[in-house]
Structures are given as C-alpha cells and as structure tokens.
Asks: 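Got a structure here, written out as structure tokens. Questions coming.
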Amino acid sequence: MPDDPRFMRRAIELARIGMNSGAGGPFGAVVVKDGEIVGEGHNRVVATNDPTAHGEVVAIRDACSRLSAFSLAGCEIYTTGEPCPMCLGAIHWARIGRIYYGFGISDAAAIGFDDREFYRQFTLPLEERDVPIAEASADEAKLLLAEYLALPNRVAY
C-alpha cells in the first residue's frame with residue numbers, strides 16, 4: 001500500500017508547531033483510518049514534563065479518544081521520525097497495521113535524540129542492562145492473574 005504524502009505533511013506541520021512553541025522536539029504524528037486522519041499529535045515532553053508525551057503516543061491517545069476504542073486495528077500511523085522503542089511498543093499495543101516515518105533513528109541521533117542505546121539495551125540479557133530489573137513479591141502479584149481471569153466481564157486486548 002503506497003503512502004499518502006498529505007498525511008506526512010500534516011505530521012511535519014504538527015511537529016513544526018510543537019517545536020516552535022517550545023513543547024518538545026521535531027516529532028509529529030497522525031493516525032489514519034480509511035483515508036482520514038482520526039488522531040494527531042506532536043511531541044509535548046517539555047510542555048507537560050511527561051517523558052511519555054511523544055508525538056506518536058499523543059496521536060494514538062487522540063485517535064483512541066475520538067474513536068472510543070483502545071484498538072486502532074485498520075489504522076496506519078505517519079510519524080516524522082522512526083519510532084523509539086516506547087512508541088513502537090505503543091503502536092503495536094494499539095494494533096496499528098502500518099508505520100510510515102520521515103527521518104531515521106540515526107538522523108534523530110545526529111541532533112541529540114539518540115534511541116540507539118535503548119534498542120541496544122533491550123537486546124542484552126536482563127542482568128547486563130544498565131537499569132537493574134528484578135522480580136519482587138511474585139507470589140502476591142501472581143494472584144492478580146487468577147483474579148483477572150475470574151472476572152466475568154473482562155475485556156480481552
């Protein structure tokens with residue numbers, strides 16, 4: 001399926017609005033369904049003091065709100081930059097089916113947004129990562145799994 005330059009232009013426009021207003025870096029995104037924009041956003045990390053307020057996450061939240069759905073299956077995302085690991089995870093959790101991006105990870109790294117180390121960290125065994133990770137109170141926490149499974153009205157996602 002070919003990309004539609006109108007959507008990347010809108011993502012770029014949003015990124016420019018965000019960066020020129022001081023909200024964050026040059027990252028904008030739009031979520032598209034059936035040829036229509038259903039969500040949009042730009043980086044708001046600085047504006048909101050929220051390290052998760054990347055353009056893609058803001059656009060996903062907007063699309064989910066507009067569509068009253070947590071699944072964006074059948075949607076595509078256009079983003080100015082190749083998604084970082086967090087955004088890539090959010091895109092997968094949202095079930096977005098295709099990603100279009102403008103500049104790559106190396107391009108972003110050249111101006112100070114270097115995601116390469118995060119990607120590298122995720123390839124390491126847990127004990128070799130810079131941020132220690134360890135199981136805690138596993139028996140108590142695992143009780144939640146059984147409780148969740150027993151919920152009669154739970155929604156699969």
Asks: Taking atom OH of Tyr119 as the centre, does the number of heavy atoms from other residues, nucleotides or ligands within less than 6.0 Å exceed 12?
Replies: yes
Asks: Which heavy atom of Pro26 sits nearest to which heavy atom of Met19, and what is that distance?
Replies: CB-SD, 3.6 Å
Asks: So which atom in Gly28 and which in Ala15 form the shortest heavy-atom distance, rounded to 0.1 Å?
Replies: N-CB, 3.4 Å
Asks: Could you tell me which non-hydrogen atom of Gln121 sits nearest to which non-hydrogen atom of Asp130, and how far apart they are?
Replies: OE1-N, 2.8 Å
Asks: Going by ring-ring contact (aromatic ring centres under 6.0 Å, His included), Phe7 matches just one of Tyr101, Tyr100, Tyr78. Which one?
Replies: Tyr78
Asks: Are Met8 and Ile99 joined in one hydrophobic group, where the rule is that I, L, V, M, F, W and Y side chains link up if heavy atoms are under 4.5 Å apart?
Replies: no
Asks: Please name the pair of heavy atoms, one in Ala53 and one in Thr48, separated by the smallest distance, quoted to 0.1 Å.
Replies: CB-OG1, 3.7 Å
Asks: Heavy atoms, side chains only, cut-off 4.5 Å: are Val38 and Leu72 in contact?
Replies: no
Asks: Do Arg116 and Ile105 have side-chain heavy atoms sitting under 4.5 Å apart?
Replies: yes
Asks: With sequence neighbours left out, what residues match Pro125 under side chain to side chain contact (heavy atoms under 4.5 Å, CB included)?
Replies: Glu127, Glu128
Asks: Within the 4.5 Å heavy-atom criterion, are Tyr148 and Arg154 side-chain neighbours or not?
Replies: yes
Asks: Between Ile12 and Val32, is there a shared hydrophobic cluster once you connect ILVMFWY residues whose side-chain heavy atoms come closer than 4.5 Å?
Replies: yes
Asks: So which heavy atom on Ala59 is nearest to which on Ala29, and how close?
Replies: CB-O, 3.6 Å
Asks: In this structure, would Phe103 and Ile77 fall into the same cluster of hydrophobic residues linked by side-chain contacts under 4.5 Å?
Replies: no
Asks: Please determine whether side-chain contact (heavy atoms from CB on, under 4.5 Å) holds for the pair Leu88 and Glu82, giving the CA-CA distance in whole Å, both sets of side-chain angles, and the decisive distance to 0.1 Å.
Replies: CA-CA 9 Å; Leu88 193 56; Glu82 186 176 356; over 6 Å; no
Asks: Glu76 versus Asp4: any side-chain heavy-atom pair under 4.5 Å?
Replies: no
Asks: Is it the case that more than 12 heavy atoms not belonging to Glu117 sit under 6.0 Å from its CD atom?
Replies: yes
Asks: If you compare all heavy atoms of Asp115 against all heavy atoms of Pro85, which two are closest, and at what distance to 0.1 Å?
Replies: CB-CD, 4.2 Å
Asks: Report the distance from atom CD1 of Ile17 to atom CD of Glu40, rounding to the nearest 0.5 Å.
Replies: 8.0 Å
Asks: If you round to the nearest 0.5 Å, how far is CZ of Arg66 from NZ of Lys33?
Replies: 13.5 Å
Asks: Measure the shortest side-chain to side-chain distance between Pro83 and Ile91 over non-hydrogen atoms and say whether it is less than 4.5 angstrom.
Replies: yes
Asks: Given Glu56, which partner from the list Thr79, Thr80, Asn43 fulfils the side-chain hydrogen bond (donor to acceptor under 3.5 Å, both in side chains) test?
Replies: Thr79
Asks: Would you mind reporting whether Asp62 and Val31 have side-chain heavy atoms less than 4.5 Å apart?
Replies: no
Asks: Any side-chain heavy atom of Cys84 within less than 4.5 Å of one from Phe113?
Replies: no
Asks: Under the side-chain contact (heavy atoms from CB on, under 4.5 Å) rule, what do Asp50 and Arg44 come out as? Steps first, then yes or no, please.
Replies: CA-CA 7 Å; Asp50 178 355; Arg44 298 187 45 75; over 6 Å; no
Asks: Test side-chain contact (heavy atoms from CB on, under 4.5 Å) on Arg120 and Leu124; report intermediate values, then the result.
Replies: CA-CA 7 Å; Arg120 189 186 78 76; Leu124 297 173; 3.7 Å; yes
Asks: Could you tell me if the side chain of Tyr157 sits less than 4.5 Å from the side chain of Trp93, heavy atoms only?
Replies: yes
Asks: More than 12 heavy atoms of other residues, nucleotides or ligands under 6.0 Å from CD1 of Ile133: yes or no?
Replies: no
Asks: Are the charged groups of Arg16 and Glu13 less than 4.0 angstrom apart, N to O?
Replies: no
